[in-house]
Each structure stands twice: as C-alpha cells, then as structure tokens.
Amino acid sequence: MWSTLGELVLASPWLFVCLIAALCLMVLLSLPLSLRGSEAAERPAIIRALADFWRFWRK
C-alpha cells in the first residue's frame, strides 16, 4: 500500500494534496450537516453516532 501511495505522491503531488483536503473537508462538514434542522434533544445522539462512525474508520 505504501509503495502505491508513494508513487501517487511522486507522480502528482497536487492530486494527493487535493485528496487529503477533500477527506479533511468531509470530516469537518459532516457534523454541521448532520445537526442542521435537528431538535436539541436529538443532537447528543447524532454527535455520538458520528464519533462512533469516525472512530470505526480509524481502526
């Protein structure tokens, strides 16, 4: 996996930066988009669900 990633970085560094930026933007925007229009009582459950989702992807 690392050799493929290294080849991507060497071939097109801007593409790699754009992919990482898109991933970071997706993580940062998921919370406000999920909480938009929700009731105050539902918000803690939504935040816990998002935290569990992102924790799942780190493993």
Side-chain angles (χ1 to χ4, degrees):
M1 178 184 133
W2 294 112
S3 63
T4 305
L5 188 60
E7 289 176 15
L8 175 67
V9 171
L10 289 175
S12 179
W14 283 107
L15 177 63
F16 180 73
V17 168
C18 289
L19 289 174
I20 297 298
L23 179 65
C24 292
L25 189 63
M26 181 179 64
V27 170
L28 290 175
L29 288 178
S30 65
L31 184 62
L33 289 175
S34 298
L35 292 177
R36 185 180 58 183
S38 64
E39 297 292 326
E42 299 171 343
R43 289 183 183 155
I46 293 171
I47 293 170
R48 270 193 298 282
L50 278 173
D52 289 342
F53 176 74
W54 291 114
R55 191 175 305 127
F56 169 77
W57 284 105
R58 285 190 349 187
K59 290 184 181 182

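The structure displayed is predicted, hence computed values, not measured ones.
Atom CG in L8 sits 11.5 Å away from atom OG in S3 (nearest 0.5 Å). Here C24 contributes atom SG and L19 contributes atom CG; the two are 11.0 Å apart, rounded to the nearest 0.5 Å.
V17 and L23 fall into different hydrophobic clusters, defined by Ile, Leu, Val, Met, Phe, Trp and Tyr side-chain heavy atoms under 4.5 Å apart, directly or through other members. The cluster map of Ile, Leu, Val, Met, Phe, Trp and Tyr, joined by side-chain heavy atoms under 4.5 Å apart, puts M26 and L50 in the same cluster. Linking ILVMFWY side-chain heavy atoms closer than 4.5 Å, directly or via other members, places V9 and L15 in a single hydrophobic cluster.
In this structure, E7 and T4 have side chains that are not in contact, with every pair of non-hydrogen atoms separated by 4.5 Å or more.
Minimum interatomic distance between P44 and A41 (heavy atoms only, all atoms of both residues): CD-O, 3.6 Å. Shortest non-hydrogen contact noted between I46 and S34 is CG2-CB, 3.8 Å.
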